[in-house]
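For reference, the structure is listed below as structure tokens.
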2 protein chains.
Amino acid sequence: MKNRLDEIRKKHNMTQEELAEKLKVSRQTIGSLENGRYNPSIILAFKIAKLFKTSIEEIFIYGESEENE
Amino acid sequence: MKNRLDEIRKKHNMTQEELAEKLKVSRQTIGSLENGRYNPSIILAFKIAKLFKTSIEEIFIYGESEENE
DNA sequence: TTTGAATGGAAAGTTAACTTGACATACCAA
DNA sequence: TTGGTATGTCAAGTTAACTTTCCATTCAAA
């Protein structure tokens, strides 16, 4: 699954650490999401979407060819 | 987090087992989601939304008072 | 009344989404 | 050149989302 977290975070002029604080997760978690090392839990995805006042689908992109993930 | 999975599944005239097969998860996973024993992974949430041709937000409801979950 | 289909849910194991802590790199600014 | 800010990434530990297996309950149909 791809995501636009890096892009959206920068658009809001935030560092990974600032975003992590607002979401109450670690900085490493944000970095790992941005670099695709793992996917967010659905709760974290909801928190991120809420913070940026958008939907999960606008940030996290579930591709056609990812049926088996 | 609440969800309308039971309602939507029945609206589509499917059993838990049929839904599980289509999603390639176990029947117990569907039952556990419907009864709130745990939340889906974001990948499973995307699969469910795609199957029912709707959005994650239409099925899974992230409440205002769940900031710490 | 019995049988089978649908569901609820517990137990134990695996995996991935997190954590904290550490160290490396890159890049400004003083 | 030094120092601080931002990021990348690894290692080891915890937890929750899954799995399989099993048994119990409900209920409609034969």
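Lettering of chains follows the sequences in order, A, B, ..., and the numbering in each one begins at 1.
- Between A:K50 and B:Y62 the shortest heavy-atom distance is CD-CE2, 4.2 Å.
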Heavy atoms under 4.0 Å is the rule here; annotate nucleotides 19-30 of chain D 5' to 3' with B where the base is hit, S where only the sugar-phosphate is, and - elsewhere. BBBB--------

Run the side chain to side chain contact (heavy atoms under 4.5 Å, CB included) check on A:R4 and A:F52 step by step: do they pass? CA-CA 12 Å; A:R4 306 198 302 132; A:F52 291 129; over 6 Å; no

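- Across all their heavy atoms, A:I59 and A:I61 have their closest contact at O-CD1, 3.5 Å.
- Contacts between chain A and DNA chain C, taken as any atom within less than 4.0 angstrom of a protein heavy atom, begin and end at C:dA17 to C:dA22.
- Counting heavy atoms from C-beta outward, B:K47 and B:I43 have side chains that approach closer than 4.5 Å.
- Residue pairs meeting the salt bridge (Lys or Arg N to Asp or Glu O under 4.0 Å) criterion with at least one member in residues 10-19 of chain A, sequence neighbours excluded: A:D6-A:K10, A:E7-A:K11.
- Here the side chains of B:L23 and B:T29 are not in contact, with every heavy-atom distance at 4.5 Å or above.
- An angle of 20°, rounded to 10°, separates the two end axes of the helix from C:dT1-D:dA30 to C:dA30-D:dT1, each defined over five pairs.
- For the salt bridge (Lys or Arg N to Asp or Glu O under 4.0 Å) condition, the pairs that include at least one residue of residues 27-42 of chain A, sequence neighbours left out, are A:R9-A:E34.
- Contact annotation: the side chain of A:I48 never approaches that of A:N3 to less than 4.5 Å [non-hydrogen atoms, C-beta and beyond].
- A heavy-atom distance below 4.0 Å to DNA chain D is reached by these residues of residues 10-20 of chain A, ordered by number: A:T15, A:Q16.
- When all heavy atoms of A:M1 and B:F46 are compared, the pair lying nearest together is SD-CE1, 3.6 Å.
- Summarising the geometry of A:A49 relative to A:S55, their closest heavy-atom pair is CB-C, 3.7 Å, with the distance given to 0.1 Å.
- Contact check for A:L5 versus A:L19: side-chain heavy atoms found under the 4.5 Å cut-off.
- By the 4.5 Å heavy-atom criterion applied to side chains, A:L44 and B:I42 are not counted as neighbours.
- In this structure, A:I56 and B:E57 approach most closely via the heavy-atom pair N-OE2, 2.8 Å.
- Each of A:R37 and B:E34 was matched to the nucleotide of DNA chain C holding its nearest heavy atom; the match closer to the 5' end belongs to B:E34.
- Rounded to whole Å, atom P of D:dT7 lies 11 Å from atom CD1 of A:I30.
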